[in-house]
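One structure below.
Convention: sequence-line order gives letters A, B, ...; per-chain numbering from 1.
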Amino acid sequence: MSAQAELPRRSKYCGEFREEHVGQECCVMGWVHSYRDHGGIIFIDLRDRTGLVQIVADPSNDPDAHAKAERVRSEWVVAAVGRVRPRSEETINPKLDTGQVEIITDRIEILTEAETPPFPVDAAEEMDESLRLKWRFIDLRRPQMLERLRKRHEVVLSARNYLSEQGFWEIETPMLINSSPEGARDFLVPSRMAPGHFYALPQSPQLLKQTLMASGVDRYFQMARCLRDEDLRADRQPEHTQIDIEMSFATQEQVLETVEGLIRHIYQEAKGIELPEPFPRMTYAEAMLTYGSDKPDLRFGLEIQEVTDVVAKSDFRVFTETIDKGGRVRAINVKGGAKFSRSQLDNLQPKARELGGKGAAYIIYEPDGTWRSPLLKYFPEEVLEELRETLGGEPGDLFVFGADDAKALAPFLGRLRLHLAELAGLPGETDAVKPLWVVDFPVFEQDEETGNWQPMHHAFTMPRPDCLDTMEDDPGAVIGQLYDLVVNGAELGSGSIRIHDPAIQQRVFKIVGIDEEEADRKFSYLLRAFRYGAPPHGGIALGIDRLIMQLVGAKSIREVIAFPKTATGADLLMDAPGPVDEAQLEELHIRVVE
RNA sequence: GGGGCUGUAGCUCAGUUGGUUCAGAGUACCUGACUGUCGAUCAGGGGGUCGCGGGUUCAAGUCCCGUCAGCCCCGCCA
């Protein structure tokens with residue numbers, strides 16, 4: 001486009017053209033997705049965030065537009081002015097939403113030329129992820145990526161609208177706050193004006209939202225950025241976004257109802273799926289025992305079953321010795337698992353160690369009713385029969401066993417369960433959405449090394465009323481008003497009813513070894529606020545990134561974040577983190593020690 | 001902090017027990033031809049520090065050690 005020429009006005013997005021627009025004058029703008037130059041006639045597929053439309057440059061129609069079209073290359077940004085016309089029967093392209101029509105152009109303006117992209121926007125194969133991250137602006141042009149950004153926008157908008165209708169106010173809290181010594185490692189920000197002092201970036205707005213309750217806000221929410229300087233995972237970034245919610249004068253039951261309403265609303269709007277009402281609930285204890293996890297994936301069975309008493313009657317010493325030492329033996333019945341290949345079965349043992357177990361034994365109940373197992377010689381027929389009964393075995397099933405002390409066995413079998421599900425192809429490509437509340441978490445957990453009690457969630461979790469009297473006698477038995485939202489094996493949110501009574505708060509602090517001075521230093525303003533009249537309150541924080549992952553079926557959190565970081569916390573697009581000028585450091589009273 | 005996987009043209013990959021068919025394919029890119037394609041087609045062309053460093057060897061893309069980067073997991077993430 002010459003510098004003088006005026007930019008024409010865009011009349012429609014590329015992906016919007018349909019038969020009904022035939023005959024209309026139009027102007028489209030976008031990126032050259034591809035071009036096909038036949039020497040005479042030239043076709044250009046023009047792309048914007050809505051899709052593709054075919055532009056036709058015909059030299060007999062307009063030689064000047066054709067000459068411009070001849071220069072055009074992939075990813076150049078162009079405007080095309082012309083007229084919508086129907087395609088002839090044999091040139092209709094059913095693969096395009098706009099395939100019934102095309103735009104015959106009489107004016108092409110080249111708005112920007114572009115270098116050849118490092119990888120094609122319509123790549124058939126997946127590119128190396130580090131390449132995608134380095135060239136994220138190209139990667140995001142891909143329709144799938146733009147679609148994820150759009151979906152995320154719509155979910156957040158939908159959540160805002162829903163919560164607003166329910167009487168929640170969206171309130172922002174500061175990003176520059178105090179370091180809180182508990183929980184995750186803080187990101188620190190040096191203060192220029194206060195030498196040697198630091199802000200911390202919030203791990204969550206937890207204390208602030210509770211303070212807002214003391215202020216009478218009553219119902220609060222925020223799309224809150226949360227920053228934690230911890231190692232990354234496929235579903236964890238150093239910064240992520242939560243729908244942070246807090247409610248005054250609400251019981252656990254009311255919080256759960258409200259959050260369920262929100263989640264149902266989101267799934268309805270985003271996927272057209274009706275989720276059950278109410279969501280199923282499971283206690284933490286049951287989840288750990290039956291699924292070996294506090295976030296069970298309920299899309300398949302493979303429940304963990306207790307077989308200690310049965311296998312105690314066998315001669316298999318790995319089992320009997322474990323039992324003699326007070327350990328447990330539990331099993332998973334893999335329905336139809338008898339058809340697992342030899343190598344899959346041989347792999348169970350090394351895989352089990354990889355998953356943190358001592359090992360994994362198996363017994364196959366063949367389709368013809370006979371038994372097959374390396375351990376067969378240790379199991380009398382009647383023990384096998386009792387096993388079959390206990391596990392609900394049918395011909396063709398595979399029993400997989402784990403043996404260890406109870407504490408180590410549960411999480412190991414939980415991981416083994418997921419591995420077996422994968423081997424059996426169980427979660428597969430199903431569209432099933434299985435939401436679940438895990439409730440009745442313990443308030444305290446014991447540090448393995450020091451033996452000290454520490455809060456499982458955070459120090460403000462309200463114990464269940466029936467546990468209050470005996471709290472000090474057996475902290476491990478104290479159940480909290482604590483709940484996690486789990487969908488398809490992913491923890492989407494975690495919350496609790498908070499302590500608003502300073503006396504109870506003191507007792508909890510005492511159990512986790514926080515004295516008055518320390519409590520005051522760490523949580524000063526919140527405790528002060530609570531002395532001046534705090535309502536009972538509780539809330540939850542829902543991970544938006546993980547929620548979007550579920551909604552779009554992404555395997556990695558990076559797929560639902562525009563500019564994510566790598567597993568080592570690097571941003572490959574902007575090359576962060578990076579060094580800074582010496583002068584900057586000096587101003588901040590910072591010296592780098594090698 | 002620990003364990004595992006990956007790294008060869010711009011991109012996606014092949015490359016056997018180390019050896020003269022070991023530096024390749026497809027695609028992209030450049031040039032030319034072509035007026036109905038839509039993965040256009042046809043002809044021609046350019047393009048490589050085999051992640052990096054060291055070692056073994058007559059000889060290393062291939063074997064060994066180290067290192068860097070990306071991914072997955074454990075620890076960690078109230």
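Taking atom C1' in both U12(B) and C74(B), one finds a spacing of 32 Å when rounded to whole Å. The gap from the C1' atom of G54(B) to that of C11(B) amounts to 31 Å, rounded to the nearest Å. The same atom, P, is picked in G24(B) and in A69(B); the two are 32 Å apart, to the nearest Å. Across U6(B) and G47(B), the matching C1' atoms stand 25 Å from one another, rounded to whole Å. Comparing the C1' positions of G48(B) and G10(B) gives a spacing of 12 Å, expressed to the nearest Å. For the C1' atoms, the distance from G55(B) to G45(B) is 41 Å, rounded to whole Å. Comparing the C1' positions of C22(B) and G66(B) gives an interatomic distance of 26 Å, to the nearest angstrom. Nucleotides G19(B) and C64(B) have their P atoms positioned 15 Å apart, rounded to a whole Å.
The side chain to side chain contact (heavy atoms under 4.5 Å, CB included) test applied to Ala477(A) returns Asp474(A), not counting sequence neighbours.
In this structure, Ile41(A) places its CD1 atom 17 Å from C1' of A33(B), rounding to the nearest Å. Rounded to an integer number of Å, the gap from NZ of Lys95(A) to P of U37(B) is 13 Å. Between Lys555(A) atom NZ and C73(B) atom C1' there is a gap of 17 Å when expressed in whole angstrom units. Put simply, NZ on Lys351(A) is 12 Å from C1' on C74(B), counting in whole angstrom units. In this entry the distance linking CZ of Arg185(A) with P of G1(B) reads 10 Å, nearest Å. Computed from coordinates, the Gln203(A) CD to C76(B) C1' distance equals 12 Å when rounded to whole Å. Rounded to whole Å, the distance from NE2 on His38(A) to C1' on A33(B) is 13 Å. Taking atom CZ of residue Phe412(A) and atom C1' of nucleotide C74(B), one finds them 14 Å apart after rounding to whole Å.
Under 4.0 angstrom from either OP1 or OP2 of C73(B) there lies no side-chain N or O belonging to Arg236(A). Thr568(A) has a side-chain polar atom (N or O) that falls below the 4.0 Å cut-off from OP1 or OP2 of G70(B). A close approach under 4.0 Å does occur between a side-chain nitrogen or oxygen of Thr566(A) and OP1 or OP2 of G70(B). At least one side-chain nitrogen or oxygen of Ser74(A) sits closer than 4.0 Å to the OP1 or OP2 atom of C29(B).
Between Val486(A) and Leu492(A), every side-chain heavy-atom pair lies at or beyond the 4.5 Å cut-off. Met456(A) has its side chain within reach of Tyr284(A): a pair of non-hydrogen atoms, C-beta onward, lies under 4.5 Å apart.
When distances are taken from the side chain of Arg85(A) to each of C72(B), G36(B), U37(B), the shortest belongs to G36(B). Proximity note for Asp37(A) (side chain, C-beta onward) versus C34(B), C76(B), C30(B): the nearest is C34(B). When each of C71(B), C38(B), C30(B) is scored by its nearest atom to the side-chain atoms of Glu129(A), the top-ranked nucleotide is C71(B). The side chain of Phe43(A) approaches U37(B) more closely than any other nucleotide in the set U37(B), G70(B), C76(B).
In this structure, U20(B) makes no Watson-Crick or G-U wobble pair, since no nucleotide meets both defining distances under 3.5 angstrom. Within the shown strands, G4(B) is the pairing partner of C71(B) under the Watson-Crick or G-U definition, both distances less than 3.5 Å. In a base pair of the Watson-Crick type (N1 to N3 plus N6-O4 or O6-N4) or a G-U wobble (N1-O2 and O6-N3), with each distance short of 3.5 Å, U56(B) is matched with no nucleotide. If you check U31(B) for Watson-Crick or wobble pairing at under 3.5 angstrom, you find it paired to A43(B).
Positionally, the nearest nucleotide of RNA chain B for Ser556(A) lies more toward the 5' end than for the other of Phe460(A) and Ser556(A). Comparing Leu96(A) and Ala570(A), the nucleotide of RNA chain B nearest to each residue sits closer to the 5' end for Leu96(A).
Using the six-membered ring where Trp is involved, Phe137(A) and Trp135(A) have ring planes that are perpendicular, over 60° apart on the 30 and 60° scheme.
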Please list each protein N or O that sits under 3.5 Å from an N or O in nucleotides 7-13 of chain B, with the distance.
| residue | atom | partner | partner atom | Å |
| --- | --- | --- | --- | --- |
| G10(B) | O2' | Pro118(A) | O | 2.6 |
| U12(B) | OP1 | Asp128(A) | N | 2.7 |
| U12(B) | O2' | Glu125(A) | OE2 | 3.4 |

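At a cut-off of 3.5 angstrom, counting only N and O atoms as typed in the model, there is a donor on one side and an acceptor on the other between the side-chain of Arg87(A) and the base of C38(B). In terms of polar N and O atoms assigned as donor or acceptor, the side chain of Asp122(A) never comes within less than 3.5 Å of the base of G39(B) in a complementary pairing. The base of G70(B) is not paired with the side chain of Arg558(A) by any donor and acceptor separated by under 3.5 Å. Between the side chain of Arg228(A) and the base of C77(B), no donor-acceptor pair of N or O atoms lies under 3.5 Å.
Among the heavy atoms of the strands lying under 4.0 Å from Thr116(A) are primed sugar atoms or P, OP1, OP2 only; no base atom is included. The residue Arg546(A) sits apart from the nucleic acid: no heavy atom pair falls under 4.0 Å. Base contact: Glu102(A) has a heavy atom under 4.0 Å from a base atom.
In this structure, Arg107(A) contributes its side chain and Val81(A) its backbone to no donor-acceptor pair below 3.5 Å. Within the 3.5 Å criterion, the main-chain N or O of Leu485(A) finds no donor-acceptor partner in the side chain of Trp437(A). Looking at Gln222(A), its side chain does come within 3.5 Å of a backbone N or O of Thr173(A) through a donor-acceptor pair.
Among pairs with a residue in residues 537-550 of chain A, those fulfilling side-chain hydrogen bond (donor to acceptor under 3.5 Å, both in side chains) read Arg152(A)-Asp545(A), Gln210(A)-His537(A), at least two apart in sequence or across chains.
How far CD1 of Ile177(A) is from CG of Leu208(A): 6.0 Å, rounded to the nearest 0.5 Å.
Syn is the classification of C22(B), since its glycosidic angle stays within 90° of 0.
Aromatic rings from His38(A) and Phe43(A) are positioned such that their centres are separated by under 6.0 Å. Between Tyr483(A) and Phe441(A), the distance from one ring center to the other does not fall under 6.0 angstrom.
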